[in-house]
Number of protein chains: 2
Amino acid sequence: MAKIKPEKNTSKKEVIIKKAASLFRIKGFNAASMRELAEDVGVEAPSLYNHIGSKSELLQIICFKVANQFTSQLNHVENTNNTVTGKLELIIRFHINMMLGEFDEIFVANHEWKYLQEPFLSNFLNQRRNYEKHLVAIIEEGVKRKELKNINPYVAVLTILSAVRGLEFWQRHKKNISTKVLEDDMVTHLLKGMTLLLQTQKHKK
Amino acid sequence: MAKIKPEKNTSKKEVIIKKAASLFRIKGFNAASMRELAEDVGVEAPSLYNHIGSKSELLQIICFKVANQFTSQLNHVENTNNTVTGKLELIIRFHINMMLGEFDEIFVANHEWKYLQEPFLSNFLNQRRNYEKHLVAIIEEGVKRKELKNINPYVAVLTILSAVRGLEFWQRHKKNISTKVLEDDMVTHLLKGMTLLLQTQKHKK
DNA sequence: TTACAAAACTAACGGTTATTAGTTTTTGTA
DNA sequence: TACAAAAACTAATAACCGTTAGTTTTGTAA
C-alpha cells in the first residue's frame, strides 16, 4: 500500500494556494481564470483538480487563513497585562507587519471575500464583526479609564482598521522609507495625532 | 428634422450610469452582467447599446467623474487662506461627505478601477498619484511651519486617505451615530489623536 | 520487474459573457 | 396623418469560463 499523503501532495497544494493568492490579488477573483493559475503553477488547468476541490475552495482557504491569524493574535493580546494604549499599539503593529509580510493573502481577504459562497460568506463576515466588536470593547475600556479621549469607539475602530488596511498602497513608496519609520509614524499618528500641541514635541527623526 | 439630442436621451444614459454604479458596487465589475444591468434599467440588454458604447465605458465614466470631483475640490481648498490644519480639516470633511453622499460611485472608483482599459487606467492612476503628491506638499508645509509633528508626510497622507476611505464600512453602524459625530470624531482622531496626554509621553518601545 | 496510486495529459461539455445584426415599435414633430 | 429618428426588440455569434471524463505518464514500494 502506498502512503496516504506523501509530503509532496500537501506541498503542491500550498504552492497552488500561494500562486492563487497572488493571481487573485492582481487580477481579482472573477477575472483570474483557472487556466491562468495553472500556467503559473506549471501544469494544465484540469491537473489542478487533483489537488484542490474548486476555484471557490481556494478563496475560502485564503480568506479564513487570514481571519484566523487576526483572531488568534487578538486573543493573545487580550491575555497580556498591557494598558489599553499598549494593547492598541500591539494590534496596530501586528496589522502593519501582516500587511507587509503576507500581502497577497490579506489583500485577497480584504477585497475578494464577497465572492465567497455560503455558508462561508456568513462565517467570514461574522468573524470580522466579532473582531471589530472586540476592538470596540477595548477602546470603550480605555475611555472609561480615561486613557483615551471620549470619541466614539466605533469611529476609532473604523479609523484605525481602515488606516492600517491602507498599507496595501504602500508598495509604491516602499523605497523611500523604512518599515520602522512607517510603523512608528503610523502608530503615533493614530494614537497621538499629527498636530503639534504646545506642550510636547520632542519628536526626533 | 428631429432634435439632435432630446433631453430624454441624456437622462436615460444617466439612469444607466447610476444603476451601473450601484450594480458594480454590489457585485463587482466583472461579476455584474449587462443583462442584469438591463433588468435594473427595465430593458433588454442589447437596448443599452443605444445609449452607451460598452460596459467598459460605464466604468470609465464613473471613475473619472469621481476623480475629477476630488481634484477640483482640492484646487479650491488650495485657493483659500486657511492654515494647513484648516486645509486638512476641509479635505477630510469633504472626503467624508462624498463617501456618505455618493457612495456607489466612490466605492466603484476605489475598488474597480483596476478593470479600466488603457489608456484610461494610466490616466486614472496618474490623477490619483498627483492628488496624493498635492496632499504630501500640504503636509510638508505644515511640518515646516511647525503646525504639524515631524512625521513622514507620505505616511500621514496614507493614513488619512485610508481612514476616510474606510467609511465604506460605515453603513453597518449608520443607525447608532449621527454623521456629525462621525465627522467630528474622525477629524479629531486624525488630527489630534485619540490618547489623552497630560504629560510628555516618552513612550518608547 | 511488477503493481498501483498519484498526478499529469487531451478532449470536450454546458453555461455565460459582451456585443452585433437586423427588425419592429415608439415617439416627437411638420 | 405622415415621416423620420430614437429606442426597443429577437436572434445569434464567437470567446471564455469552471469543471468532468477518460487516458497516459510518473513515481514509489514490494
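In what follows, every chain begins at residue 1, and chains take the letters A, B, ... in the order their sequences are listed.
When rounded to the nearest whole Å, the span between CD of A:Glu39 and P of C:dA8 equals 16 Å. Put simply, CG on A:Leu48 is 15 Å from C1' on C:dT10, counting in whole angstrom units. In this structure, CD1 of A:Ile52 is placed 7 Å from P of D:dT19, rounded to the nearest angstrom. Between B:Asn30 atom CG and C:dT17 atom C1' there is a gap of 10 Å when expressed in whole angstrom units. Rounded to an integer number of Å, the gap from CG of B:Leu58 to P of C:dT17 is 16 Å. When rounded to the nearest whole Å, the span between CD1 of A:Ile16 and C1' of C:dA7 equals 11 Å. Counting to the nearest Å, the P atom of D:dG18 and the OH atom of A:Tyr49 are 7 Å from each other. In this structure, OH of A:Tyr115 is placed 14 Å from P of D:dG18, rounded to the nearest angstrom.
Of the side-chain N and O atoms in B:His51, one or more sit less than 4.0 angstrom from OP1 or OP2 of D:dA8. Of the side-chain N and O atoms in A:Lys55, none sit less than 4.0 angstrom from OP1 or OP2 of D:dC17. At the phosphate of D:dA7, neither OP1 nor OP2 sits under 4.0 Å from any side-chain N or O atom of B:Ser47.
Nucleic acid contact for A:Ser33: sugar-phosphate only, since backbone atoms but no base atoms lie under 4.0 Å from a heavy atom of the residue. Residue-level contact check: B:Ala32 touches the backbone only, with heavy atoms under 4.0 Å from sugar-phosphate atoms and none from bases.
Judged by distance alone with a 3.5 Å cut-off, a donor-acceptor contact links the side chain of A:Asn50 to the base of C:dA8.
Base pairing of C:dT1 is made with D:dA30, judged by Watson-Crick or G-U wobble geometry with both donor-acceptor distances under 3.5 Å.
For the pair B:Lys55 and B:Phe29, the cation sits on the ring face: its NZ or CZ lies under 6.0 Å from the ring centre, inside 45° of the axis.
Between A:Phe64 and A:Phe124, the ring-plane angle classifies as perpendicular under the 30° and 60° cut-offs.
Between A:Ala31 and A:Pro46, the residue anchored nearer the 5' end of DNA chain D, judged by the nucleotide with its closest heavy atom, is A:Ala31. Ranked by how close their nearest DNA chain C nucleotide is to the 5' end, A:Val43 and A:Arg35 are led by A:Val43.
Remark: the backbone N or O of A:Asn126 is not paired with any side-chain donor or acceptor of A:Tyr131 at under 3.5 angstrom. In this structure, B:Lys19 contributes its side chain and B:Glu39 its backbone to no donor-acceptor pair below 3.5 Å.
Out of D:dC9, C:dT17, C:dC9, the shortest distance to the side chain of A:Glu44 is found at C:dC9.
Defined by atom type and a distance below 3.5 Å, a donor-acceptor pair is missing between the side-chain atoms of B:Glu112 and B:Asn30.
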